[in-house]
Colleague: 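Take this structure first; my questions come after.
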Amino acid sequence: MSAISVSTVCSRLFAHRRNMALWTLQGWTAMFFIAVGLSKLLQPETELPGVFAWTGAVPLELTRTVGLVEIASGYLLLAQVFPIPRSRLLTGIGAAAIAVLATLMLAVHVFRLEALPAAVNALLLAASLTILRMRSAKA
């Protein structure tokens, strides 16, 4: 029986902790997008501008479509949890879609001078790019 070196044990432990942190980031990001997407789908039209100020300036169909894309992207972000073919690719697609959504919404909020929503979207963009980079690096 061969001895396992300390560096091997440390390397495996670091990889395990990095994977757990990445799954935590994926879970929180997915939950956020699924919840926000459901909110955009289920809120009555009259209440949407009170929750999402930008929705008062766009057609209801656009708001509902954004909600559907957010829900789908959130679920795709968790595709590796389910035993489906090409789940790693689906997770990457979900992370990329979230990056695109976060970038577009960041631009909208900056244009509208909404600091807090812009900061939230900047964080979501950073999270999605981190997920995309870390999950594609393991491929």
Colleague: Is there a side chain to side chain donor-acceptor pair (under 3.5 Å) between Ser5 and Thr8? Walk through the geometry before answering.
Modeller: CA-CA 5 Å; Ser5 69; Thr8 302; 2.7 Å; yes
Colleague: For residues 106-120, which side-chain donor-acceptor pairs fall under 3.5 Å, sequence neighbours excluded?
Modeller:
{"residue": "His109", "atom": "ND1", "partner": "Glu114", "partner atom": "OE1", "Å": "2.6"}
{"residue": "Arg112", "atom": "NE", "partner": "Glu114", "partner atom": "OE2", "Å": "2.9"}
{"residue": "Arg112", "atom": "NH2", "partner": "Glu114", "partner atom": "OE2", "Å": "3.4"}

Colleague: Decide whether Phe33 and Val51 are clustered together by the hydrophobic rule: side chain heavy atoms of Ile, Leu, Val, Met, Phe, Trp, Tyr closer than 4.5 Å, transitively.
Modeller: yes
Colleague: Provide the closest heavy-atom pair for Leu25 versus Ala127 in the form atom of the first, atom of the second, distance.
Modeller: CD1-CB, 3.7 Å
Colleague: Taking side chain to side chain contact (heavy atoms under 4.5 Å, CB included) as the test, write out the residues that go with Ala96, two or more places apart.
Modeller: Leu132
Colleague: By the definition side-chain contact (heavy atoms from CB on, under 4.5 Å), identify the one residue from Ile34, Val36, Thr29 that meets it with Phe32.
Modeller: Val36
Colleague: Under 3.5 Å, sequence neighbours excluded: what are the donor-acceptor pairs made by side chains of residues 58-76?
Modeller:
{"residue": "Arg64", "atom": "NH1", "partner": "Lys40", "partner atom": "O", "Å": "2.5"}
{"residue": "Arg64", "atom": "NH1", "partner": "Leu41", "partner atom": "O", "Å": "3.1"}
{"residue": "Arg64", "atom": "NH1", "partner": "Gln43", "partner atom": "O", "Å": "3.0"}
{"residue": "Arg64", "atom": "NH2", "partner": "Gln43", "partner atom": "O", "Å": "3.1"}
{"residue": "Thr65", "atom": "OG1", "partner": "Glu61", "partner atom": "O", "Å": "2.7"}
{"residue": "Glu70", "atom": "OE1", "partner": "Gly37", "partner atom": "N", "Å": "3.4"}
{"residue": "Glu70", "atom": "OE1", "partner": "Lys40", "partner atom": "NZ", "Å": "3.1"}
{"residue": "Glu70", "atom": "OE2", "partner": "Lys40", "partner atom": "NZ", "Å": "2.8"}
{"residue": "Ser73", "atom": "OG", "partner": "Val69", "partner atom": "O", "Å": "2.8"}

Colleague: Would you say Leu13 and Leu22 are hydrophobically clustered, going by side-chain heavy atoms of ILVMFWY under 4.5 Å?
Modeller: no
Colleague: For the residue pair Ile131 and Ala95, what are the closest heavy atoms and their distance?
Modeller: CG2-CB, 4.1 Å
Colleague: Which residue pairs pass the salt bridge (charged side-chain N to carboxylate O under 4.0 Å, His left out) test when at least one of the two sits in residues 20-32, sequence neighbours left out?
Modeller: none
Colleague: Return yes if some donor-acceptor pair links the side-chain N/O of Ser39 with the main-chain N/O of Ala35 below 3.5 Å, else return no.
Modeller: no
Colleague: Which hydrophobic side chains are connected to Trp28, either touching it within the sub-4.5 Å cutoff or through other members that do?
Modeller: Met31
Colleague: Is the NZ or CZ atom of Arg17 both under 6.0 Å from the centre of the six-membered ring of Trp23 and within 45° of that ring's axis?
Modeller: no
Colleague: To the nearest 0.5 angstrom, please state how far the OG atom of Ser128 sits from the CZ atom of Arg133.
Modeller: 12.5 Å
Colleague: What's in the same ILVMFWY side-chain cluster as Val100, cut-off under 4.5 Å, chained through other members?
Modeller: Leu104
Colleague: Any donor and acceptor pair, going by atom type alone, linking the side chain of Gln80 with main-chain N or O of Arg88 inside 3.5 Å?
Modeller: no
Colleague: Should Leu89 and Ile98 be counted in the same cluster of Ile, Leu, Val, Met, Phe, Trp and Tyr side chains packed under 4.5 Å apart?
Modeller: no
Colleague: Look up atom CD in Gln26 and atom OG1 in Thr130, then write down how far apart they are to the nearest 0.5 Å.
Modeller: 11.0 Å
Colleague: Just verifying a value: how many Å separate Thr91 OG1 and Arg86 CZ, rounded to the nearest 0.5 Å?
Modeller: 13.5 Å
